[in-house]
Amino acid sequence: MKFRHLPLLAGLLLALSAQAKPHHAKPAPPPEPFGNRPAVVAFADELAAAQGWDAAALREQLGQALDLPRVRQLILPAAVGTAKNWTAYRDRFIEPRRLDAGVAFWADNEAALARAESTYGVPAEVIVGIIGVETFYGRITGGFKVLDALATLAFDFPTEHPRAAERQAFFRNELAEFLKLCRENGLDAADVRGSYAGALGWPQFMPGSWRQHAVDFDGDGRVDLIASPVDAIGSVAHYLSEYGWKPGDATHYSVKLPTDRRERARLLAPDIKPSFSAADLLAAGAQPSEAARDHDGPMAVIELQNGPKKPPTVLLGTQNFWVVTRYNWSAYYALAVIELGQAVRARRLQQR
């Protein structure tokens, strides 16, 4: 979920509008159950047949799910022209309360973090950074009923979204994965809560990622990302490993971009995808750091905006930086994760 502060801004604007026009404001209509919509019935029948489930029971379960207008609002991307600001985004996460919570989380789970790093090659600080950005170390895991949220996005996805058909298909698959997950783990689908997009637990895994990448890291015989931070730690490390984390490699380096506008644009075009060797960058007129010049592998040239009045932040992202973006396809997110983990590690060492 990129730039999660934007929905909060939208909520503030709505609140101010309501204060300005108290006599004309109309309450939002209450959520309504999906009932026997043809798309819901067809989905239930197809999934029940594929899984050998009771079709009538599944129709009833999905028919009772609520269509949530708030979820449809939150899933829409930011308005075109909204200025991005890396410094403001970073400050939401690299702040004293979250750093203190990260130090406490690391202390409580030091053995599990060390074991995850040894098993999967993913540094403890990266795992700590992800869980800190995602859920404030388990404090904010989402208050939406996941069945309602996923059903809303599966059957009533907002048509004004630029990739509505693609995203709706994704959430229909995630709804099926969620129902399978609940049956496999003895969860009551009507009670499980998570984010407005259906992400679950300490690491905010989507149901499909849970079923594919989550691991029983505490050895109790079940995978529990909702109540077990140890399972969350192992699952995050396993997820990054599966996507190609390279143990021992850096995540990013510094660089000075070429002055030629066309070369600059060419280098920035692939965005977060590693595409250029150090030799390619030098040939284009860029000035990578000495460490970057010794890096064996392609790198991405990434530019993070700092609002309209400040120069952008520029860096070279390696394969490991790209792997972090597989968790959330945003360079802003990835760098926040990396810097939060580094800041927690530094504070932990300082306190010790």
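Computed over heavy atoms, backbone and side chain alike; hydrogens, waters and symmetry mates excluded.
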[X] side chain to [Y] side chain, donor-acceptor N/O pair below 3.5 angstrom:
X: Q73; Y: R70; answer: yes
X: Y333; Y: E134; answer: yes
X: D249; Y: T318; answer: no
X: Q168; Y: E166; answer: no
X: N320; Y: T251; answer: no

Y243 and H213 aromatic centres sub-6.0 Å: yes
Ring pair (Phe, Tyr, Trp, His ring centres under 6.0 Å) between H295 and Y253, intermediate numbers included: CA-CA 9 Å; H295 180 75; Y253 301 104; 5.4 Å; yes
Within 45° cone and under 6.0 Å: R167 NZ/CZ vs F157 ring: no
Lys NZ or Arg CZ of R345 over W106 ring: under 6.0 Å, within 45°: no
Flag if over 12 foreign heavy atoms under 6.0 Å of CD, Q51: yes
Residues, nucleotides or ligands: over 12 heavy atoms within 6.0 Å of D188 CG: yes
Spatial distance of atom [atom1] ([X]) from atom [atom2] ([Y]) [nearest 0.5 Å]:
X: L335; Y: H252; atom1: CG; atom2: NE2; result: 5.5 Å
X: L66; Y: Q64; atom1: CG; atom2: CD; result: 9.5 Å
X: T325; Y: F321; atom1: OG1; atom2: CZ; result: 7.0 Å
X: S195; Y: L200; atom1: OG; atom2: CG; result: 7.5 Å
X: E177; Y: L47; atom1: CD; atom2: CG; result: 9.5 Å
X: L62; Y: N36; atom1: CG; atom2: CG; result: 11.0 Å

Sidechain-backbone polar pair: [X] side chain, [Y] backbone, donor-acceptor under 3.5 Å:
X: T152; Y: D148; answer: yes
X: S241; Y: A237; answer: no
X: S289; Y: A292; answer: yes
X: Q305; Y: P308; answer: no
X: D218; Y: D231; answer: no
X: Q287; Y: K256; answer: no

Give the minimum heavy-atom separation between [X] and [Y], together with the two atoms involved.
X: D67; Y: R37; result: OD2-NH2, 3.1 Å
X: I302; Y: A331; result: CG2-CB, 3.6 Å
X: A44; Y: L58; result: O-CD2, 3.4 Å
X: A336; Y: I94; result: O-CD1, 4.0 Å
X: A300; Y: D271; result: CB-O, 3.3 Å
X: S254; Y: L316; result: O-CD1, 4.0 Å

Intermediate values then yes/no, side chain to side chain contact (heavy atoms under 4.5 Å, CB included), R264 and E303: CA-CA 10 Å; R264 188 186 188 106; E303 187 176 73; 3.6 Å; yes
The single option from T313, T87, N85 passing side-chain contact (heavy atoms from CB on, under 4.5 Å) against L304: T313
Salt bridge (Lys or Arg N to Asp or Glu O under 4.0 Å) assessment of D54 paired with R59: CA-CA 9 Å; D54 185 317; R59 279 191 221 134; over 6 Å; no
Criterion ring-ring contact (aromatic ring centres under 6.0 Å, His included) against Y239, the qualifying member of F205, Y120, W210: F205
Salt bridge D216-R222, side-chain N to carboxylate O under 4.0 Å: no
Carboxylate-amine/guanidinium contact E110 R348, below 4.0 Å: yes
Residues W322, K273; criterion side chain to side chain contact (heavy atoms under 4.5 Å, CB included); working and verdict: CA-CA 6 Å; W322 184 83; K273 182 66 176 177; 3.8 Å; yes
Set of residues satisfying salt bridge (Lys or Arg N to Asp or Glu O under 4.0 Å) with respect to R193, sequence neighbours excluded: none
Audit row: L225, Q204, side chain to side chain contact (heavy atoms under 4.5 Å, CB included) steps and yes/no: CA-CA 8 Å; L225 301 185; Q204 292 291 277; over 6 Å; no
From CA spacing to verdict: side chain to side chain contact (heavy atoms under 4.5 Å, CB included), W202, I226: CA-CA 6 Å; W202 284 72; I226 295 173; 6.0 Å; no
Set of residues satisfying ring pair (Phe, Tyr, Trp, His ring centres under 6.0 Å) with respect to F155, sequence neighbours excluded: F34, F43
